[in-house]
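Notes for the one structure printed next.
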Amino acid sequence: MSAIEVIEPATEQVMAELPRAGVEEVDAAVARAKAAFPAWRGVAPADRGALLHGLADALAERLEELATLEARNAGKPIGDARGEIGMVVETFRYYAGAPERLLGQTIPVAGGVDMTFREPLGVVGLIVPWNFPLTIAAWKVAPALAAGNCIVLKPAELTPLSAIELEKIALEAGLPEGVLNVVAGPGSVCGARLVEHPDVAKIAFTGSTEVGRGIAAGAAATIKRVTLELGGKSANIVFADADLEAAAAAAPGAVFGNAGQDCCARSRILVERSAVDDFLAALAPRVESLRVGDPLDEATEMGPLISADQRSSVAAYVPDDAPVAIRGTAPDGPGYWFAPIVLAPVANSERAAREEIFGPVACVIPFDGEAEAIALANETIYGLSGSIWTRDGGRALRVARAVEAGVLSINSNTSVRVSTPFGGFKQSGVGRELGPDALEHYTDVKNVYYATGED
Ligand code: NAD
């Protein structure tokens, strides 16, 4: 087995080496999960909930250690990493309450009693990206376990370390052997094997739309259930009547958070034409003063990009003649640094406004009036998230209903809460994570009719 060298993006140094799994390891993990399934689904609901609470406690105890690991491996500011591991804990706690609440129905029918059950699927394959490694894993692992499934989790090759820790911590917290199995290896080998494996009932994938398309096609061969959380090119719509200071204060976090490597990044800032100059004037000092640097420094607001490849890919969206209106700063030297950039004005038809850049580059796109704002927001293959800034409540709700996206916020840039559904419209995905909705995607409905001998 060859080795995976895990690189720390802020230093370009190797921070760990681990065996690179292949098809054999995936098959062995699926076999372990399959063997563990009958006993795991049979664990009493309250006991399954108690195990998930125990896992949440164990993760909370190791919060600082996990946050540091994630900050180093994914290059994210330590404060953000703490927040993310905090959400991981919260996710396990939320779904710890679920096993006893997986309710069925009774349905009035003639001649007997009809009832439904929500049954676990069996072995589920979870494939996650490198931008929020443990957070996105937890969004899948927690509801899958709560519903009684066994898991093979494949982290991204660039960021496998926190998932490997999760597996160890889960065992220490009392999760039975074989219920959660982590396989670290290339997507084209390990991910692809999970997708084709006949004993895997479902794939839950988060990653790029391109890979998601292949997964949907591959899963068709064995009629696997599939949920997909894919890319985005979300709109941050700022009307002239908005609190421009508040909108400008929130905009950098909405697009430069996680160095722009965020599926929810509001990377198209649509600004009503009459407010463009004032908005840019309010935005400039906030972008120029963003503290880009060492992820482990408490003052850091933005870290490096994940890899040299990612940096080249982002740089290609800012050619020498790009209309750079605002440019922040970034350190020199080792590390995959990239200064935050705002391009303005940009037409929605331009490449930087159409494609998911997945880096700290935002486009300001002027618009005239509500109808054009909606049309521009929807003129994309994606439909993940978005924000609407206005003081007109009626307009806020009209626009929120008209924008084709799964997760919208009004006068805010919040996308994600453990208790609310998260996922995309259009080519941003299929299915929902978090909240009660996620549980539906880790269960199938069974209908049972019991004839009672009545007419
Ligand atoms: P990616 O699609 O390259 O990889 C994601 C995962 O899929 C990795 O674990 C990878 O190893 C695996 N993979 C790659 N090829 C595969 C194949 N042929 N079969 C099976 N698995 C395969 O994505 P990435 O570069 O790690 O992450 C960035 C992308 O993820 C962006 O497009 C971003 O928008 C998206 N993303 C979406 C969400 C969301 O919730 N909608 C959240 C985070 C990231």
Side-chain angles (χ1 to χ4, degrees), residues 4 9 20-23 26 73-74 76 84 87 125-140 152-163 182-197 200 203-219 221 224 226-234 255 257-267 305-307 309-311 313-314 355-359 380-386 405-407 415-416 420-434 437-438 441:
I4 300 178
R20 176 181 278 120
V23 167
V26 173
N73 190 182
K76 54 183 75 226
E84 287 175 29
M87 187 186 199
L126 313 181
I127 303 175
V128 298
W130 45 257
N131 57 344
F132 298 101
L134 196 59
T135 313
I136 290 177
W139 294 0
K140 300 180 191 320
V152 179
L153 166 64
K154 197 207 84 60
E157 226 184 327
L158 292 170
T159 56
L161 301 179
S162 53
V182 175
V183 179
S188 56
V189 178
C190 295
R193 178 62 184 150
L194 278 174
V195 172
E196 71 178 16
H197 201 299
V200 173
I203 296 289
F205 170 78
T206 298
S208 58
T209 293
E210 192 188 344
V211 172
R213 210 171 272 132
I215 286 180
K224 281 187 179 45
V226 181
T227 45
L228 303 171
E229 298 292 346
L230 308 175
K233 190 74 193 177
S234 298
V255 57
N258 214 42
Q261 303 165 123
D262 181 346
C263 54
C264 287
R266 273 84 160 152
S267 52
L305 294 174
I306 190 73
S307 64
D309 282 353
Q310 190 66 17
R311 184 169 57 185
S313 151
V314 174
E355 296 178 8
E356 183 181 45
I357 298 176
F358 228 55
T380 167
I381 61 165
Y382 297 112
L384 189 54
S385 66
V407 188
S415 297
V416 176
T420 61
F422 175 80
F425 280 27
K426 304 199 291 192
Q427 292 190 35
S428 286
V430 176
R432 291 295 176 269
E433 302 208 276
L434 299 173
D437 295 62
H441 296 296

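Whatever order the structure lists them in is the order used to number ligands and atoms, beginning at 1. Along the sequence shown, residues carry numbers from 1.
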Quick note on ligand 1: atoms under 4.0 Å from a heavy atom of Thr206 include exactly 5 (C), 36 (N), 37 (C), 38 (C), 39 (C), 40 (O), 42 (C), 43 (C), 44 (C)

Between Asn131 and ligand 1, which residue portion shows a heavy-atom distance shorter than 4.0 Å: side chain, backbone, both, or neither? side chain

Considering only heavy atoms of Ala192, which atoms of ligand 1 have at least one such atom less than 4.0 Å away? 19 (N), 20 (C)

In terms of atom number and element, which parts of ligand 1 are under 4.0 angstrom from non-hydrogen atoms of Leu384? 41 (N)

Does ligand 1 have an atom under 4.0 Å from some heavy atom of Gly429? no

Got an N/O contact under 3.5 Å between Ser208 and ligand 1? yes

Less than 4.0 angstrom from a charged side-chain N to a carboxylate O is my criterion; do Glu433 and Lys140 meet it? yes

Is there a protein heavy atom at a distance of less than 4.0 Å from atom 34 (O) of ligand 1? yes

Side chain, backbone, both or neither: Asp262 near ligand 1, heavy atoms under 4.0 Å: neither

Is it the side chain, the backbone, both or neither of Glu356 that has a heavy atom closer than 4.0 Å to ligand 1? side chain

Does ligand 1 have an atom under 4.0 Å from some heavy atom of Trp130? yes

Are Phe132 and Trp139 close enough that their ring centers fall under 6.0 Å? no

If we ignore hydrogens and angles and just use 3.5 Å, is the side chain of Lys154 paired with the main-chain N or O of Gly185 as donor and acceptor? yes

Take every heavy atom of Lys154, measure it against each atom of ligand 1, and state whether any distance is under 4.0 Å. yes

Between Pro155 and ligand 1, which residue portion shows a heavy-atom distance shorter than 4.0 Å: side chain, backbone, both, or neither? backbone

The atoms of ligand 1 lying under 4.0 Å from a heavy atom of Ile136, numbered in the order shown, are 42 (C), 43 (C)

Between Glu229 and Arg432, does any NZ, NE, NH1 or NH2 come within less than 4.0 Å of an OD or OE carboxylate oxygen? no

